[in-house]
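The basis for the numbers below is simple: all heavy atoms, side chains too, and nothing from hydrogens, waters or symmetry mates. Each chain gets a letter, A, B and so on, in the order its sequence line appears, and its residues count up from 1. Computed from a prediction, not measured in an experiment: that's the story for all the values here.
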Protein chains: 2
Amino acid sequence: MSTRYGSRPTMKDVAATAGVGLKTVSRVVNGEAGVTPDMAARVQAAIAELGFRRNDSARLLRKGRTASVGLLLEDIADPFSGQLSRAVEEVARMHGSLLFTGSSGEDARHEQELALAFCARRVDGLVVVPAGGDHRYLLPELAAGIAAVFVDRPAQLIDADAALTDNVGGAREGVAHLIRHGHRRIAFLGDLPQIHTAAERLRGYREAMAEAGLPVDEAWIAMAPTDPASVAASVDRVTGGAAPVTAVLSGNNRITLGVLRRLPALSPRPALVGFDDLELADLLTPGLTVVAQDPAALGRAAADLLFRRLAGDDAPPRRIVLPARLIPRGSGEAGPDGR
Amino acid sequence: MSTRYGSRPTMKDVAATAGVGLKTVSRVVNGEAGVTPDMAARVQAAIAELGFRRNDSARLLRKGRTASVGLLLEDIADPFSGQLSRAVEEVARMHGSLLFTGSSGEDARHEQELALAFCARRVDGLVVVPAGGDHRYLLPELAAGIAAVFVDRPAQLIDADAALTDNVGGAREGVAHLIRHGHRRIAFLGDLPQIHTAAERLRGYREAMAEAGLPVDEAWIAMAPTDPASVAASVDRVTGGAAPVTAVLSGNNRITLGVLRRLPALSPRPALVGFDDLELADLLTPGLTVVAQDPAALGRAAADLLFRRLAGDDAPPRRIVLPARLIPRGSGEAGPDGR
DNA sequence: CTGAAAGCGCTTACAG
DNA sequence: CTGAAAGCGCTTACAG
């Protein structure tokens, strides 16, 4: 039988069964022209009889490309990553590539291990949401021809393609929105400052305050881990003390969740604008006002650029910046008196 | 230089540079014993000079395994899939495997294309959230030694490993909960009936009603697509008409979203229990009562079983069933009078 | 139209 | 301890 457990028929087996040469089998399997109908039929019969399926790994080794792309995320379980992944996957599929995925867990060493493991498999390219602060480890791989596009955050210490959201502009718009609704004392709760997006959004916050001529009390700024307990502590700090804020810009979706869970304990309730949209944001009471990114558009832009590189585009590294969009839903339209 | 664009040094190059045999390079690269320190140093120097990185694709072709697993999801952008993926990824990492991922989009042909593409790459195993209704196409692959574990839904027409949630029990519990709170006319809004989980949850609904001696009006049951418009129409149908329901069990997270968006238009507002938990469920007003699955536990169970198979476990196909858990938060505790 | 030989980059099996 | 030869399953380049 052709079904010996753990072993598979090869083209050689098919050739022997059909009584033809190896190259003829290859021609039939790959649909190349120049095989007589009779020969082709004999090969097809042998393929069916043996249950042959071409080994694409062997094929691609010989061809010198792998028709695969490595996608390195912070955490595939995060909705942001999920939407981005799906978009990358669609583009990869259109180009006949499969996708390796992995989560760095915001750990630089882990990112490097995964990225180099993908490179060792000789992926054609990488799409990377970087966690680390030094990407020089990729230089030999890039020099050897592996394309890489960074997404959501730029690469550090190397010059590379990137698809980013306008984080500064988005944060500015969120803060300006709160100022327009009468707020003067506004907090920014961000992720750790070494995270590029967190630093950029803080910058947008400062710019918007400065533009409106408003002073910033450094006690209104908390750059901290995003676990619920840490966020709750930050919320308590900025809404307590001598100059309590009347409004909060939260720096990403996880921080927004922490703030939302802490809000019921507060009176008065500060106005809130969250960076990143959330699935149920419109169903909360009040609805959650957000500065929304478009993770799918980010993924598409990054993947499109990657495949353009793989097709031979060798222009200097490009930086694609997508806009963030303010979506008012209620929580960001309350005035400083709490209504 | 070693950085000619698009070409990489091989072990042969390293051997030539170091002035040693190919096998000695292989020994050093793989940390095998029996190389003199002097030889090892010369090889290391050549590796560093050339920027050599072993080609794992070539290595694995020779070794007869690929140290990779294919994960086939319905949609990686769905939070359920994301959590499941992360769990599978962690288990794969512990076993030194990389992960190919792909989304079938609930399309049987697409599922088959992706699964067979993974098999053509000779993945060691597959974890599959099946979309199709006939998995016999995988029989030759299974016979050839590719392991497969189905997750969330069982395989159809073949006998295979599976890790499932107790959908019947979960739905029964959700309906029994509503009955305990005084409801007699209860709707079930499910996904298309050919989807295994949808059919199972409907069965649980019927069992719970029968157990309580309550008649079921077939007009209370809607098995339909999960887009918002379709769900809104179903909601209107079961809450209107001659015998309007006072409570709803929604069959999955997407349907729950549709119901939640339609509820504000209804008076009185029916009680609601949703199958699948949602990120912000506790922050809604009222809180959303759910029958929660544990997608990470499903992924872990499936991946653990897969790697046990890859380690040689050839016991008959196993079916792992994980419990669903009722989490009361308010929406499912309102009585039939709407309070 | 057909196929034998060489090679993709490694590891295995085997001599020295 | 060291390495030349054969082979993993294909494709490429080249004769017939």
Counting only side-chain nitrogens and oxygens, does B:Thr24 get under 4.0 Å of the OP1 or OP2 atom of D:dG3?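 B:Thr24 to D:dG3 OP1/OP2: side-chain N or O found under 4.0 Å.
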Using the side chain to side chain donor-acceptor pair (under 3.5 Å) criterion, which residues pair with B:Asp159? Sequence neighbours excluded.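 Scan of B:Asp159 (side chain to side chain donor-acceptor pair (under 3.5 Å), adjacent residues dropped) gives none.
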So, using side chain to side chain donor-acceptor pair (under 3.5 Å) as the criterion, who are the partners of B:Ser103 when residues are at least two apart?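 A:Glu89.
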Tell me whether the rings of B:Phe150 and B:His135 are parallel (<30°), tilted (30 to 60°) or perpendicular (>60°).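 Correct class here is perpendicular.
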Once each nucleotide of nucleotides 9-16 of chain C is scored for protein heavy atoms under 4.0 Å, what B/S/- sequence comes out, 5' to 3'? BBBB----
Residues that A:Ala296 engages under side-chain contact (heavy atoms from CB on, under 4.5 Å), provided they are two or more places apart: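 If we apply the side-chain contact (heavy atoms from CB on, under 4.5 Å) test to A:Ala296, skipping adjacent residues, the hits are A:Ala87, A:Asp294, A:Arg300.
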Once side-chain contact (heavy atoms from CB on, under 4.5 Å) is applied, do any residues pair with A:Leu116, and if so which ones, sequence neighbours excluded?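 For A:Leu116, the residues satisfying side-chain contact (heavy atoms from CB on, under 4.5 Å) (neighbours in sequence not counted) are A:Gln112, A:Tyr137, A:Glu141, B:Arg53.
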Summary of salt bridge (charged side-chain N to carboxylate O under 4.0 Å, His left out) pairs that have at least one residue in residues 18-27 of chain B, sequence neighbours excluded: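 Every pair satisfying salt bridge (charged side-chain N to carboxylate O under 4.0 Å, His left out) with a residue in residues 18-27 of chain B: B:Lys23-B:Glu32.
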Under the salt bridge (charged side-chain N to carboxylate O under 4.0 Å, His left out) rule, what pairs show up with a residue in residues 105-123 of chain B, not counting sequence neighbours?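 For residues 105-123 of chain B: B:Glu106-B:Arg153.
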If you look only at distance, which donor and acceptor atoms sit under 3.5 Å apart when one is on a side chain in residues 38-48 of chain A and the other is two or more places apart or in another chain?
residue	atom	partner	partner atom	Å
A:Arg42	NE	A:Ala18	O	3.3
A:Arg42	NH2	A:Ala18	O	3.1
A:Arg42	NH2	A:Gly19	O	3.2

Under a cut-off of 3.5 Å for both distances of each Watson-Crick or G-U pair, what dot-bracket string does DNA chain D give, using [ ] for crossing pairs and | for inter-strand pairs? |||.||||||||.|||
